[in-house]
Each structure stands twice: as structure tokens, then as C-alpha cells.
Amino acid sequence: MFGIHPIATVGILTGIITPLLEIMNPVSIAIVLITGYVATFTVGTYGLLVTLTSENLEQSPYRITLKNMPFALFTGLIGTLVAYLLL
């Protein structure tokens, strides 16, 4: 869901995945949604977190986003693995 705000993405996905709650573990789905949502905070180029960091460090927000990308991918991966283990 590129180009859509993370809150809107979570709202859309929670409406779509409601039927999966009967088949899959709801805790696993919640973990994936939350870790995916938290990971987007660090890579949103014009989000509050990246903007404040770029202002304080006097660097480009794109540079901050690129440096935060491994953390975001790792966070999403760990959340997905934990959710898979809870299935």
C-alpha cells in the first residue's frame, strides 16, 4: 500500500481481514499489523519521527529514511516470525 497513510492502511486491512479472524489466530494477525505499523514510523520520509530527526541532525529526511530501512525490515520480519510461531 505505497503512498497511503499507515493509519488508512491499517483501517483498510482490518476491514478486509475480518473473515480471517475465524480461521487464523487473532493474536498473530494483531502482531503482524502492529509491527508492520510501527515499522512504517521510521521510514515515512515526511512523518513526524523522521522530520524531527532530520531537523535535529541537520540531514536530509531521505538519508534518515535510508538509514532506518534495515530497522524497519528487521522489525517487520521479527513480528512476522513471532506471529507465525504463535499459529
Side-chain angles (χ1 to χ4, degrees):
M1 297 253 181
F2 293 102
I4 299 175
H5 195 276
I7 294 175
T9 303
V10 170
I12 292 169
L13 288 178
T14 53
I16 294 173
I17 63 172
T18 303
L20 289 176
L21 295 175
E22 297 176 7
I23 301 169
M24 297 176 67
N25 185 1
V27 175
S28 295
I29 294 173
I31 289 173
V32 169
L33 285 175
I34 291 170
T35 55
Y37 181 68
V38 168
T40 61
F41 283 135
T42 61
V43 293
T45 306
Y46 292 107
L48 182 65
L49 183 68
V50 174
T51 301
L52 289 175
T53 305
S54 69
E55 289 290 323
N56 288 330
L57 297 177
E58 297 177 355
Q59 290 187 4
S60 168
Y62 294 104
R63 181 172 299 198
I64 303 293
T65 297
L66 285 175
K67 291 198 181 264
N68 288 345
M69 191 66 72
F71 170 78
L73 293 172
F74 183 71
T75 303
L77 177 70
I78 292 297
T80 303
L81 289 175
V82 168
Y84 181 74
L85 292 174
L86 288 175
L87 282 176

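A single hydrophobic cluster is seen to contain both Leu20 and Leu13, as judged by linkage of ILVMFWY side chains at heavy-atom distances under 4.5 Å, directly or through other members. Criterion: ILVMFWY side-chain heavy atoms under 4.5 Å apart, direct or through other members. Under it, Phe74 and Leu49 are not part of a common hydrophobic cluster.
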- Message: For a side-chain contact (heavy atoms from CB on, under 4.5 Å) check, start with the C-alpha distance between Leu21 and Ile29, then their side-chain angles and the critical distance, and finish with the verdict.
- Response: CA-CA 8 Å; Leu21 295 175; Ile29 294 173; 3.7 Å; yes
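Taking every heavy atom of both residues into account, Ser60 and Ser54 meet most closely at C-CB, 4.2 Å. Residues Thr35 and Gly79 approach most closely at OG1-CA, 3.6 Å, considering heavy atoms. Nearest heavy atom pair, residue Thr80 against residue Val32, reads CA-CG2, 4.3 Å. The two residues Leu57 and Ile64 have their closest heavy-atom pair at CD1-CD1, 4.0 Å. The minimum heavy-atom distance linking Leu66 with Pro70 is given by the pair O-CD, 3.5 Å. Contact record, Val50 with Pro61: CG1-O, 3.6 Å, taken as the closest heavy-atom pair.
Residues Thr75 and Phe71 have side chains in contact (heavy-atom distance under 4.5 Å, counting atoms from C-beta outward). When side chains are defined from C-beta on, Leu33 counts as touching Ile17, because their heavy atoms get closer than 4.5 Å.
Between the NZ atom in Lys67 and the OG1 atom in Thr53 there is a gap of 12.5 Å [rounded to 0.5 Å]. The line from CG of Leu73 to CD1 of Ile78 is 12.0 Å long, rounded to the nearest 0.5 Å. Separation of atoms CG (Asn68) and OG1 (Thr45) is listed at 10.0 Å; rounding is to 0.5 Å. The line from CG of Leu87 to CD1 of Ile23 is 12.0 Å long, rounded to the nearest 0.5 Å. Going from atom CD1 of Ile31 over to atom CG of Leu85 covers 9.5 Å, rounded to the nearest 0.5 Å.
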